[in-house]
There are 2 protein chains.
Amino acid sequence: MHKVYVTMKMRRRQGNPFNFNDYPDTSMDTPLSPNMEDYMENISMLLKEHDVVRVKDIAKKLNIRMPSVTAALQKLKEKGLVDYEKYGHVQLTTKGKEVADSIYEKHSFLTEFFKEILSMNTQEAEEQACKLEHHLSSNASNRMQRFVEFYKQEQLDGQQWINRLDSVLEEKRLSELKEGQKAEIIRILGSGPLKKRLLEMGFRKGEIIHVLKYAPLKDPIEISIKDFLLSIRVEEAHSIIVKPLGSHD
Amino acid sequence: MHKVYVTMKMRRRQGNPFNFNDYPDTSMDTPLSPNMEDYMENISMLLKEHDVVRVKDIAKKLNIRMPSVTAALQKLKEKGLVDYEKYGHVQLTTKGKEVADSIYEKHSFLTEFFKEILSMNTQEAEEQACKLEHHLSSNASNRMQRFVEFYKQEQLDGQQWINRLDSVLEEKRLSELKEGQKAEIIRILGSGPLKKRLLEMGFRKGEIIHVLKYAPLKDPIEISIKDFLLSIRVEEAHSIIVKPLGSHD
DNA sequence: TAATAAAATTAGTCAAGTCTAATTTATTTC
DNA sequence: GAAATAAATTAGACTTGACTAATTTTATTA
């Protein structure tokens with residue numbers, strides 16, 4: 001009866017049910033849940049910093065309470081991934097290290113992907129990597145990793161497309177700018193009367209604009225172009241693509 | 001008491017707790033769980049195919065049982081995302097459509113990313129998109145989308161790096177080839193005696209090899225290079241990077 | 001070393017999401 | 001239109017992974 005129930009659950013979602021990963025070699029037994037993967041990864045990280053890891057440390061790192069950690073450790077111990085005795089310190093088994101490394105590898109290149117390629121700031125890049133790392137199949141993982149390696153080589157080779165990409169990623173809508181920001185106009189979206197009107201107002205490719213006053217949700221936005229003062233509605237500002245000068249995130 | 005508990009849960013994982021997303025505009029109320037997002041997306045997809053969607057259809061699509069669907073629909077109804085009466089048909093509300101579209105958009109460019117850029121086959125690309133779409137922040141989402149657009153434009157422009165990337169992605173280790181496959185040797189990893197030995201055996205960049213016999217996990221691999229028959233150990237084959245001729249996945 | 005403080009565990013609860021079995025409502029079919 | 005079939009719902013159970021409160025063990029300190 002019990003066994004049957006488990007079998008039913010395994011049916012969920014075709015292909016790789018749950019959000020579990022298929023590890024390269026490791027583990028013929030049930031795959032780790034994203035959650036347990038997270039424990040493994042973080043224990044591994046803590047072990048790199050301090051040589052003694054306690055329940056409290058894990059709880060703090062994961063921002064959860066100690067009893068949750070205890071429960072998790074007991075499960076991970078059963079799976080043979082951690083060395084751990086009641087009230088004792090936590091270590092990873094050989095198998096556990098493999099698992100943790102495999103996850104950490106994903107984490108690393110995902111972080112690089114978001115940070116280096118998509119120009120996101122470190123913190124956000126890390127956060128995204130943490131979320132996605134548990135959901136990448138080994139094939140996708142592999143390809144992603146190759147892609148990141150490829151990108152880095154292209155960067156070393158000084159390939160021009162890298163710069164083109166950076167430019168594209170820096171672009172924003174005028175309506176996304178904050179008060180005080182300066183930006184260069186890249187292009188005006190759409191066509192017809194609206195575009196014409198904007199062009200007539202002086203919004204032309206290459207011009208530098210300066211956002212003087214902008215209270216989000218409150219029309220209009222006040223800006224200056226070459227010493228002219230203008231105010232446009234958020235809706236209009238939405239179809240003006242600009243590249244902020246300075247700033248980063 | 002109850003409220004406090006919820007507050008505690010919200011503490012989990014700094015930044016965006018849970019694996020929930022921050023939608024662009026929509027929803028001041030609690031964000032949807034990845035699961036509920038999945039329901040929304042799939043209901044939306046079903047509605048595009050048939051104009052009447054029943055509990056049974058959703059259950060079938062998600063590969064789960066009907067009672068689970070009923071429960072989910074009740075929750076989604078409470079959140080004002082679906083129009084649904086007991087024993088009746090399912091429709092999305094205006095708000096529901098927005099949510100579904102926003103998810104579907106992520107799904108689309110993620111699929112393109114895996115399929116077009118990383119050259120994965122359609123099914124795997126879809127699967128990965130399904131898993132990741134619920135975990136992308138709006139910023140990452142935005143950048144990813146721009147990147148995919150950028151790639152497509154570069155492709156149209158016939159930029160060379162696209163070809164270089166394709167080449168890199170096609171590369172495999174000799175040990176990953178299947179029986180009968182042919183491949184071109186791209187490079188030999190490592191250095192020292194092993195590499196020297198392999199070069200002496202005839203493994204040189206540009207040569208075409210043909211895998212004659214390979215029972216995974218069973219050494220050795222039998223291959224031919226220019227009518228010479230050779231057999232090498234899996235371990236050695238591991239450090240030979242090749243590009244398969246023909247095939248695709 | 002006895003007393004206190006800190007850390008960890010157990011016990012019991014909760015919520016989300018799934019399931020089966022039994023029941024109710026709709027739809028077909030003769 | 002009544003009987004049979006199909007679809008949907010309710011009720012109750014289970015798993016995972018959190019939590020609090022209470023207890024136990026270990027570490028620290030006077």
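Hydrogens, waters and symmetry mates play no part in the numbers below; they use all other heavy atoms, side chains included. Order of the sequence lines sets the chain letters (A, B, ...), proteins ahead of strands, with each chain counted from 1.
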> Taking 4.0 Å as the cut-off, does a side-chain nitrogen or oxygen of A:Ser68 come that near to OP1 or OP2 on D:dC19?
yes
> Could you work out, with salt bridge (charged side-chain N to carboxylate O under 4.0 Å, His left out) as the rule, every residue matching A:Glu171, not counting sequence neighbours?
A:Arg187
> Could you tell me which residues satisfy ring-ring contact (aromatic ring centres under 6.0 Å, His included) with A:Tyr214, sequence neighbours excluded, listed by chain and number?
none
> Of all the choices, D:dT10, D:dA8, C:dT9, which nucleotide is nearest to the side chain of B:Met66 once you look at every atom?
D:dA8
> Taking for each residue the nucleotide of DNA chain D with the nearest heavy atom, is it B:Pro67 or A:Val69 whose nucleotide lies nearer the 5' end?
B:Pro67
> Just how far, in rounded Å, is C1' of D:dT16 from NZ of A:Lys79?
12 Å
> For each nucleotide in nucleotides 23-29 of chain D, reading 5' to 3', give B when a protein heavy atom comes within less than 4.0 Å of its base, S when such contact involves only the sugar-phosphate, and - otherwise.
-BSS---
> Between C:dT9, C:dT18, D:dA7, spot the one nearest the side chain of B:Tyr39, thanks.
C:dT18
> Listed by chain and number, what are the side-chain contact (heavy atoms from CB on, under 4.5 Å) partners of A:Gln91, not counting sequence neighbours?
A:Leu47, A:Asp83
> Quick one: does NZ or CZ of B:Lys48 land under 6.0 Å from the six-membered ring centre of B:Tyr104, within 45 degrees of the ring axis?
yes
> Please tell me which of the listed nucleotides, D:dT9, D:dT16, C:dT18, lies nearest to the side chain of A:Lys75?
D:dT16
> Nearest of D:dC19, C:dT20, D:dT10 to any side-chain atom of B:Arg65?
C:dT20
> Any side-chain N or O of A:Gln74 less than 4.0 Å from the OP1 or OP2 oxygen of C:dT10?
yes
> With sequence neighbours left out, what residues match B:Gln153 under side-chain contact (heavy atoms from CB on, under 4.5 Å)?
B:Leu156, B:Asp157
> Side chain of B:Asn35, heavy atoms from C-beta onward: which of D:dT20, D:dA18, C:dT18 has the nearest atom to it?
C:dT18
> By ring-ring contact (aromatic ring centres under 6.0 Å, His included), which residues pair with A:Phe109, not counting sequence neighbours?
none
